Amino acid sequence: MTGMTSPADGQDHWSQVWQDLLKGRALTPSLPVSPLGLQLQSLLENSLQRFMFSRADTLLHDLQACLQPLATALQAEQVVLLLCPQGAHAQPLCILSAQDDSSTQRLQRLALQRDDWCGLLERQQPRLLSAAVARGPDEQLVLQAMACDQVLLLPVGDHHAVSGCMLLGLSDDIAVPDEHERSLLSGFTRLCFLIADRLALMTHLEQRERSLLQTERLARIGSWYDDVLNNRITFTPQAGEIFELSPEVSQVSLETYIAYLHPDDKERVITTLQHSLQRLQPSDMTYRICTPSGRVKMIHGLGEIIVNAEGKAVARVGTVQDITEAHAREQRLQQAARVFESTMEGVVITDPAGLIEAINPAFTTITGYAEDEVRGRSVAMFSPERRQRNVLQDIRSEVQSRGFWRGEIWNRRKNGEVFPQSLTVTTVRDEQQNISHYVAVFADITRQKESEQQLDYLAHHDSLTGLPNRSSLLIKLQRALELASQKRRKVAVITIDLDHFKHINDSLGHPAGDRLLQECARRLRERLRDSDTVVRQGGDEFVVVLENIVSDDQVRRVAEIIQQLFGSAFDVGIGRELFIGASLGITLFPDHGRDVTQLISNADVAMYQAKSKGRNHYQFYTNDLTQAATDRLELGNELRHALQRDDELQLHYQPQVCIRSGRVTGVEALIRWQHEQEGMIQPGRFLPVAEDNGLMPELDSWVLNKACRQLAVWQQQGIAPLILAVNITQPTFVAGGLVERLKALLDIYQLDPSWLELEITEGALLEPTAQVLSTIAGLKALGVMLAVDDFGTGYSSLAYLHRYRVDKLKIDRSFINSVEREEEGRVITSTIINMARGLGLQILAEGVETAPQLEFLRANGCETYQGFYFSRPLPLTELALLLK
Ligand SMILES: Nc1nc2c(ncn2[C@@H]2O[C@@H]3COP(=O)(O)O[C@H]4[C@@H](O)[C@H](n5cnc6c(=O)[nH]c(N)nc65)O[C@@H]4COP(=O)(O)O[C@H]3[C@H]2O)c(=O)[nH]1
């Protein structure tokens with residue numbers, strides 16, 4: 001550390017100088033010492049004392065301060081010191097004993113004419129110039145510059161060279177110093193030479209130190225000197241700045257330094273320093289310090305041990321560097337490198353021409369290529385085809401203009417497999433903003449694509465049947481309509497609703513219902529063309545879309561095919577065949593609607609119309625149907641209100657007659673709706689509406705209540721014994737709670753249960769579910785009669801019904817109707833009667849309208865009948881008259 005030369009060293013140096021000077025004095029011991037000589041001697045000693053403590057910045061001042069008393073002692077007009085410091089560009093110095101502007105300028109000019117005055121000191125001997133005898137121009141020059149009569153020149157320098165001179169300007173009347181005095185003056189000039197030399201050295205050292213500190217500042221490296229013997233660590237300003245010492249503090253103790261160390265690093269640093277000192281080895285460590293401002297800095301410290309002549313450690317020196325930023329940068333780089341190495345995404349770095357420079361392990365995992373197989377090659381090598389290479393061009397131009405590109409592309413693995421990848425390409429620019437690299441990060445999205453496809457499939461397909469679902473219907477139909485508009489063709493939309501599906505589902509259970517739907521889907525898909533769209537819209541509704549239709553007949557033919565498909569027997573794994581049927585509604589684009597929604601909803605309207613025609617029909621849409629559908633909607637709401645108000649619904653009663661005696665043995669309660677505006681509405685119109693609106697259980701409940709009340713009246717009136725038959729629909733029968741409700745009514749009205757007969761359809765008894773069995777057991781336990789309505793229209797066998805302990809069969813009107821016309825009708829009717837009798841079941845024939853029909857029934861052993869032949873259903877008042 002250049003600025004740290006101790007004053008003790010300087011003192012040694014100056015005592016040596018003093019010794020030399022005394023030697024010079026010893027040269028002239030014989031001469032008597034004049035008063036001036038004594039004075040000069042004392043001056044010389046004072047100067048020496050002064051110079052011993054001179055510093056670089058005080059040296060010139062100190063020299064000047066010495067010249068003044070010298071001039072006084074010698075009675076000189078001017079004493080001038082011209083010094084030429086070492087160094088190529090060093091300017092000669094001119095130091096004067098007395099300041100006077102004009103002489104100063106003259107003498108400074110003289111200082112610059114070094115060669116002239118140097119020439120006068122060729123032999124490095126003092127020289128006296130006198131104006132009176134001056135010869136050469138050099139002498140003249142000096143005399144003029146000094147403006148004196150005589151000038152004594154004394155060389156400043158060593159034996160080798162003159163590096164300056166001292167000029168004593170004396171007037172004529174002043175005695176020139178004698179030999180002893182000159183020798184003292186020479187001692188002074190020698191001292192000046194040393195001073196000049198020292199000045200040069202100090203200036204040099206100062207410059208060195210300045211430049212060193214500057215270098216430290218620029219490099220952000222500070223240095224320190226640890227005087228281990230005195231426990232004093234001296235910091236350079238840069239080191240102080242790193243440790244955030246206040247500017248006036250440059251020294252700290254070892255303890256203070258240790259207090260700076262980060263607690264986690266303290267022990268390690270102390271141990272390293274101790275080892276270094278004990279083993280006299282350099283140290284090199286990185287550690288953290290906590291500075292007064294609360295910052296944690298990362299420091300790189302180097303140190304070396306300084307030993308004395310005995311090899312004992314006396315100090316150590318070293319550097320400290322604040323590497324916080326570099327360390328953080330390095331950490332970040334390491335992290336980035338770790339990410340690069342361990343990320344699941346493939347990374348490829350290319351040069352601006354797209355040639356691969358580096359890849360990461362994930363790249364190899366995904367593509368199968370090792371680094372040496374791809375380095376230096378173009379990224380185009382992964383493109384599966386030419387077209388894709390154009391994509392690469394597009395990517396490159398977008399990356400160049402926007403700085404990045406993100407998207408999905410297809411690439412080829414080493415094994416030839418083409419796979420989808422999501423890719424992000426970014427540019428890396430150098431300091432001149434030129435593209436230096438491209439970085440591409442990609443992920444193999446094969447799995448993602450697969451699950452997207454799976455999700456897409458699930459979103460657009462029905463999981464039960466595998467058919468496209470409603471959302472794909474909307475998309476496909478929309479596309480079909482667009483195409484049809486262009487080609488001026490028609491599109492047909494056929495909605496298909498299975499007849500009685502709900503009954504099958506409820507009574508046979510959902511697995512059987514599911515199998516039925518799967519079978520329907522299979523038949524449709526196998527029979528219809530690939531170009532036809534078959535969709536399951538939900539529940540038991542299918543939709544078929546036919547494109548390129550040119551005539552309605554084409555559609556009619558397909559509708560009939562569909563009817564056949566649904567008309568043949570189904571095996572749904574219940575041990576016997578099922579017959580269902582389907583109702584079809586048909587719309588045509590553009591005749592019945594111009595958009596998807598309208599076409600589907602109009603087809604639905606047509607389908608409801610087909611259903612109301614008695615099922616297993618198809619119906620083309622007409623504008624009237626929309627009105628009918630609207631009416632149905634309104635009717636549903638009105639029925640709901642009618643059920644609440646209880647003043648519009650009423651029961652009519654149709655007598656049931658014993659064929660043998662002709663006596664009325666019972667009546668069937670049949671609901672009627674006396675609508676405020678429309679008048680009497682028949683059940684055939686409003687019951688399907690009630691069913692669609694889920695009102696059947698409520699309606700059945702209303703009828704049962706009304707009927708039981710009426711039965712109680714008849715019981716009280718003694719109208720003896722009269723069976724009252726009440727219809728109970730399948731939803732009510734299946735829903736449960738019927739037994740409890742009926743028991744409560746029987747209790748309330750104190751009814752004889754054997755007078756009450758519940759008519760249920762075959763559908764409700766199709767499958768012996770626990771619910772069905774317990775309801776039947778409950779009803780039988782109550783003592784009410786059970787009759788199966790519309791027998792022959794469903795799927796039941798007689799033996800099967802017998803198992804349920806049903807009391808009565810009501811032969812459907814359609815058979816009775818046919819006995820007069822068809823042999824087949826007659827055979828079926830008589831068979832039913834015979835078998836039922838064989839099983840001990842009562843028989844009632846429905847819808848008897850003519851005497852021959854009645855005769856046939858009588859002849860075949862049927863017991864009771866009802867029908868228009870005897871009486872239509874009657875209001876209560878009319879029935880009362882009939883019964884009387
Ligand atoms: N062509 C013809 N028809 C005859 C003849 N004799 C009786 N009918 C009609 O046949 C239907 C007999 O009732 P259903 O088979 O139970 O068929 C009933 C029944 O299923 C249902 N229904 C009627 N009233 C009720 C009710 O109160 N509750 C429930 N759940 N359903 C009812 O509505 C169906 C139709 O009822 P209605 O229109 O009253 O029609 C009645 C009756 O008017 C005849 O000789 N020729």
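Read the numbers this way: they start at 1 and go in the same order the structure lists the ligands and their atoms. What you are looking at is a predicted structure, and each value in this text was computed from that prediction instead of being measured.
- Within the 4.0 angstrom cut-off, atom 34 (C) of ligand 1 has no protein heavy-atom neighbours.
- Looking only at heavy atoms of the protein, atom 24 (N) of ligand 1 is closest to Ile671 N, 2.9 Å.
- Asp812 places no side-chain N or O within 3.5 Å of a backbone atom of Phe815 that could act as its donor or acceptor partner.
- Residue Arg672 touches ligand 1 through its side chain alone, judged by heavy-atom distances below 4.0 Å.
- Those atoms of ligand 1 with a heavy atom of Gly867 less than 4.0 angstrom away are 6 (N), 45 (O).
- Of the protein's heavy atoms, Asn727 CB, 3.6 Å lies nearest to atom 28 (N) of ligand 1.
- Using cut-offs of 30° and 60° for the angle between ring planes, the Phe566 and Phe570 rings count as tilted.
- Within the 4.0 Å heavy-atom criterion, the part of Val703 lying near ligand 1 is the side chain and not the backbone.
- Applying the ring pair (Phe, Tyr, Trp, His ring centres under 6.0 Å) test to pairs two or more places apart or on separate chains, those with a residue in residues 662-692 are Trp673-His675, Trp673-Phe686.
- Here the side chain of Asn602 pairs no donor or acceptor atom with the backbone of Thr587 at under 3.5 angstrom.
- Remark: Glu678 engages Arg685 in a salt bridge, criterion side-chain N to carboxylate O under 4.0 Å.
- Summarising the geometry, atom CG belonging to Leu699 is positioned 10.0 Å from atom CD1 belonging to Ile728; distances are rounded to the nearest 0.5 Å.
- Looking only at heavy atoms of the protein, atom 37 (P) of ligand 1 is closest to Pro683 CG, 3.7 Å.
- The residues Arg523 and Glu519 are annotated as salt-bridged, a charged nitrogen and a carboxylate oxygen being separated by less than 4.0 angstrom.
- Under 4.0 angstrom from ligand 1, there are no non-hydrogen atoms of Arg872.
- In this structure, atom 43 (O) of ligand 1 lies nearest to the protein heavy atom Pro873 CG, 3.3 Å.
- Side-chain atoms of Asn834 come within 3.5 Å of backbone N or O of Ser830 as a donor-acceptor pair.
- Of the protein's non-hydrogen atoms, Asp789 OD2, 4.6 Å is the one closest to atom 17 (O) of ligand 1.
- Below 4.0 Å from some heavy atom of Thr729 lie the following atoms of ligand 1, by number and element: 30 (N).
- Here NE2 of His652 is found 8.0 Å from CD of Glu878. Values are rounded to the nearest 0.5 Å.
- Contact annotation for atom 46 (N) of ligand 1: protein present (non-hydrogen atoms, distance under 4.0 Å).
- Side chain to side chain, Gln654 and Gln866 meet the donor-acceptor criterion of an N or O pair below 3.5 Å.
- Classification of Asp553 and Arg557 as a salt-bridged pair fails, no side-chain N sitting under 4.0 Å from a carboxylate O.
- Annotation: atom 22 (N) of ligand 1 to nearest protein heavy atom, Leu687 CD1, 3.5 Å.
- Taking atom 11 (C) of ligand 1 as the reference point, the nearest protein heavy-atom neighbour is Arg813 NH1, 3.9 Å.
- When non-hydrogen atoms are compared, ligand 1 lies under 4.0 Å from the backbone of Val848 (N, CA, C, O) but not from its side chain.
- Look at Lys780 and Asp807 and you find a salt bridge, because one of the NZ, NE, NH1 or NH2 atoms lies within 4.0 Å of a carboxylate O, short of that distance.
- Close approach of ligand 1 to Gly847 (heavy-atom distance below 4.0 Å) involves ligand atoms 5 (C), 6 (N), 44 (C), 45 (O).
- For Gln654, every heavy-atom contact with ligand 1 shorter than 4.0 Å involves the side chain, none the backbone.
- Polar contact with ligand 1: present for Phe868 (N/O pair, distance under 3.5 Å).
- Heavy atoms of Gln866 found under 4.0 angstrom from ligand 1: none, in either backbone or side chain.
- Not close to ligand 1: Lys810, with no non-hydrogen atom less than 4.0 angstrom away.
- At least one N/O-N/O distance between Glu849 and ligand 1 falls below 3.5 Å.
- In terms of protein heavy-atom proximity, atom 41 (C) of ligand 1 is nearest to Leu670 CD1, 3.9 Å.
- By the side chain to side chain contact (heavy atoms under 4.5 Å, CB included) test, Leu474 pairs with Arg470, Val596, Ile600, sequence neighbours left out.
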